[in-house]
Amino acid sequence: MKKKIVFRNYGYRECDSFARFLEKMAAKGWFFRGWRFGMIFEKEAPRKEIYDVEVFPEGDENDVKPEPNTKEYAQYCREAGWELIDSTRKLCVFRKIREDALPIVTERERYENIREAEWKAFRGRLAFTCLMAVSEWYVLFNIDFARNIFSDIWIAVFILWNLYFLKNAARCVSYLLWKTRTEKMLGQGKTPFYGSRVKEISPWKTIQKIISCVVFLGIIAIVLFLADSGTMQMYLVFIVGMILMMVLLPALRPSREWNMLLQVIFAFLIIFIGFSALMVNMAEDSPAAKENTQVIENTYGTGELELTDELEGIFGSARRYSVLLPDGYPRTDDPYDENEIICQVYQSSYQWILDRIYSLYTKEEGEIPPDAEAWEAIETEQNRNKNYTTVKYGDRLLYIIGKKNLDKEEILFIRQALGL
């Protein structure tokens with residue numbers, strides 16, 4: 001028998017549109033047989049069929065086939081003249097088998113079932129994506145901004161989380177509007193149509209699908225173009241794991257309990273493999289495995305410069321150096337050598353970024369350091385304890401952690417070593 005798979009996804013608020021779609025397919029000779037990796041249709045002689053799609057309130061989002069309680073519900077519906085074809089999550093598809101079939105539920109019960117299922121289906125994602133979006137915005141208002149703004153991966157993730165939140169926020173707005181409109185119709189004694197009588201896909205759903213595609217393509221872009229090898233491996237493991245879950249679970253159609261268990265196992269495997277890949281990558285690319293230290297000899301003495309961290313993105317670059325000043329050269333085994341300082345150099349053609357970083361580093365009341373003129377900078381400031389110094393140039397900003405009150409010779413040594 002000829003079969004075909006149709007990839008369509010109907011939500012709880014589209015029960016009537018789903019039923020009308022199945023009736024149109026039956027009129028063309030394609031009859032719905034159930035879900036696997038999509039909707040399965042079999043070819044027969046065209047005939048008129050009447051379908052009813054209902055939300056079973058005792059179903060679960062982890063259901064991928066009729067569970068025992070769903071089968072009991074189906075038996076009750078069969079006595080009312082409706083045969084259960086298949087079910088997934090809380091959606092149940094019935095076919096009318098008697099001319100005198102009775103309504104499965106009242107209009108008020110049907111509305112309450114749909115309303116409750118719809119709200120429970122996305123409220124968790126709405127809260128989670130809101131939390132993640134807020135946390136990403138929080139970064140813009142604390143010291144992590146100075147590093148993350150130069151990471152293309154962070155920027156991409158920031159955009160994707162906010163898009164995903166907007167998708168769920170749009171769904172929430174659509175739900176509230178639908179809820180208000182439907183309750184008004186029921187109050188007037190009218191029968192609501194769940195879905196769209198005119199369009200196969202509502203504008204709200206189109207927006208959600210577009211955002212989902214952008215988020216998915218964004219993740220692929222991070223993996224292929226932005227991520228380093230360790231991050232790429234983590235994302236690849238995550239994507240492969242998600243694809244396997246999306247393909248295998250509908251194909252296997254395990255029970256609710258097994259479905260939940262398999263999801264937990266998949267999650268642990270993804271975390272374990274991703275973490276292992278990250279550890280291996282960190283071991284291979286650790287600073288100890290690289291020769292990043294160079295001896296600096298200039299007019300003001302001999303010291304050492306070691307590049308310990310580097311980020312470069314569309315907004316500029318951030319580099320972290322460990323600098324051993326001339327008075328501390330050659331290096332000793334003293335881990336608290338006051339002649340060893342940390343220099344963070346930020347470079348960007350966007351002045352607002354450097355201004356933002358400068359304000360973050362100097363938000364506490366400070367003072368102008370001695371020999372500040374030796375920096376020949378636009379602004380220079382140090383904190384009260386004199387162990388943090390911030391220096392701003394035209395397109396660069398320097399943040400120094402370490403030795404108190406650098407003298408003029410040390411300042412000039414640092415400037416030559418860093419090319420300031």
- Item | Rounded distance (nearest 0.5 Å) linking atom CZ of F41 with atom CZ of F31 | 10.5 Å
- Identify the two heavy atoms, one from Y321 and one from L418, that lie closest to each other, and give their separation to 0.1 Å. CD1-CD2, 3.7 Å
- Smallest separation among heavy atoms of L354 and G394, with atom names: CD1-O, 3.8 Å
- Where is the tightest heavy-atom contact between I155 and N148, given as atom of each residue plus distance? CG1-O, 4.4 Å
- May I ask you to check whether T182 and R13 show a side-chain donor-acceptor distance below 3.5 Å? no
- Item | Over 12 non-hydrogen atoms of neighbours within 6.0 angstrom of CZ in F193 | yes
- Message: Once you measure the plane-to-plane angle for W161 and Y164, does it fall in the parallel (<30°), tilted (30-60°) or perpendicular (>60°) bin?
- Response: tilted
- Is any side-chain heavy atom of Y361 less than 4.5 Å from a side-chain heavy atom of Y388? no
- Message: Let me confirm one number: the CD1-CZ distance from I104 to F56, rounded to the nearest 0.5 Å.
- Response: 11.5 Å
- Task: Kindly assign one of parallel, tilted or perpendicular to the pair F145 and W352, based on the angle between their ring planes and the thresholds 30° and 60°.
- Result: tilted
- Message: Measuring only between side-chain heavy atoms, which start at C-beta, is F413 closer than 4.5 Å to V323?
- Response: yes
- With sequence neighbours excluded, tell me which residues meet side-chain hydrogen bond (donor to acceptor under 3.5 Å, both in side chains) with T380. none
- Under the 6.0 Å and 45° cation-pi test, does R8 pair with F21? yes
- C77 and L84, any side-chain heavy atoms less than 4.5 Å apart: no
- Message: As a quick check of understanding, evaluate side chain to side chain contact (heavy atoms under 4.5 Å, CB included) for K4 and M25, giving each step before the final call.
- Response: CA-CA 12 Å; K4 74 174 179 178; M25 292 292 288; 3.6 Å; yes
- Do L163 and K167 come within less than 4.5 Å of each other through their side chains, counting heavy atoms only? no
- With sequence neighbours excluded, what pairs up with D309 under the salt bridge (Lys or Arg N to Asp or Glu O under 4.0 Å) test? R147
- Heavy-atom closest contact (T308 atom, S322 atom, distance): CG2-CB, 4.1 Å
- Item | More than 12 heavy atoms of other groups within 6.0 Å of I368 CD1 | no
- Message: Can you tell me how far apart CD1 (I85) and CD1 (I40) are? Round to the nearest 0.5 Å.
- Response: 14.0 Å
- Partners of K179 by salt bridge (Lys or Arg N to Asp or Glu O under 4.0 Å), sequence neighbours excluded? E183
- Pairs satisfying salt bridge (Lys or Arg N to Asp or Glu O under 4.0 Å), at least one member in residues 405-420, at least two apart: E376-R415, K403-E410
- Task: I would like to know whether D16 and R110 meet side chain to side chain contact (heavy atoms under 4.5 Å, CB included); could you show each step before the answer?
- Result: CA-CA 11 Å; D16 289 336; R110 193 178 193 214; 2.8 Å; yes
- Nearest 0.5 Å please: distance from the CD1 atom of I314 over to the CG atom of D152. 5.0 Å
- Task: With sequence neighbours excluded, give me every side chain to side chain donor-acceptor pair (under 3.5 Å) pair touching residues 310-319.
- Result: E310-R319, E312-R319, S317-R319
- S174 side-chain N/O to A170 backbone N/O, donor-acceptor pair under 3.5 Å: no
- Query: If you measure from CD1 on I411 to CD on Q416, what distance do you get to the nearest 0.5 Å?
  - Reply: 13.0 Å
- Query: For the rings on Y358 and Y399, is their centre-to-centre separation under 6.0 Å?
  - Reply: no
- Note on the structure: Output for pair (E118 CD, C172 SG), nearest 0.5 Å, gives 10.0 Å
- Between E14 and Y194, is a side chain to side chain contact (heavy atoms under 4.5 Å, CB included) present by the stated rule, with each step listed? CA-CA 5 Å; E14 299 170 308; Y194 296 99; over 6 Å; no
- What pairs with D63 under side chain to side chain contact (heavy atoms under 4.5 Å, CB included), at least two apart in sequence or on another chain? D60, E67, R256
- Message: Apply side-chain hydrogen bond (donor to acceptor under 3.5 Å, both in side chains) to residues E54 and Y73 and explain how you reach the verdict.
- Response: CA-CA 11 Å; E54 296 292 340; Y73 177 63; 5.4 Å; no
- Decide yes or no for R115 and Y12: does some side-chain heavy atom of the first lie under 4.5 Å from some side-chain heavy atom of the second? no
- Task: Quick one: list whatever passes salt bridge (Lys or Arg N to Asp or Glu O under 4.0 Å) with K392, sequence neighbours left out.
- Result: D355, E379
- Do Y111 and E107 have side-chain heavy atoms sitting under 4.5 Å apart? no
- Among W35, F32, F18, find the one that has a ring-ring contact (aromatic ring centres under 6.0 Å, His included) with Y10. F18
- Sequence neighbours excluded, the answer for side-chain hydrogen bond (donor to acceptor under 3.5 Å, both in side chains) partners of W137 is N162
- Item | Exercise: identify the closest heavy-atom pair between T70 and S87 | CG2-OG, 3.7 Å
- Message: Do V93 and D86 have side chains that approach each other closer than 4.5 Å (heavy atoms only, starting at C-beta)?
- Response: no
- Message: Please enumerate all residues that pass salt bridge (Lys or Arg N to Asp or Glu O under 4.0 Å) together with K28, with sequence neighbours excluded.
- Response: none
- Task: List the steps, then state whether side chain to side chain contact (heavy atoms under 4.5 Å, CB included) holds for I353 with F150.
- Result: CA-CA 10 Å; I353 293 178; F150 300 109; 3.9 Å; yes
- Taking atom OH of Y76 as the centre, report whether more than 12 heavy atoms of other residues, nucleotides or ligands fall under 6.0 Å from it. no
- With W154 via ring-ring contact (aromatic ring centres under 6.0 Å, His included) - residues at least two apart: F158
- R253 and P66 have their tightest heavy-atom pair at NH2-CD, 4.2 Å
- Query: Just checking, is any N or O donor in the side chain of Q344 or R320 under 3.5 Å from an acceptor N or O on the other one?
  - Reply: yes
- Task: Please name all residues satisfying side-chain hydrogen bond (donor to acceptor under 3.5 Å, both in side chains) with E83, sequence neighbours left out, ordered by chain then number.
- Result: R95
- side-chain hydrogen bond (donor to acceptor under 3.5 Å, both in side chains) filter on T106, not counting sequence neighbours, yields E109
- Is there side-chain contact between Y346 and L398, with heavy atoms separated by less than 4.5 Å? no
- Do any N or O atoms from the side chain of N69 and from the backbone of E58 form a donor-acceptor pair under 3.5 angstrom? yes
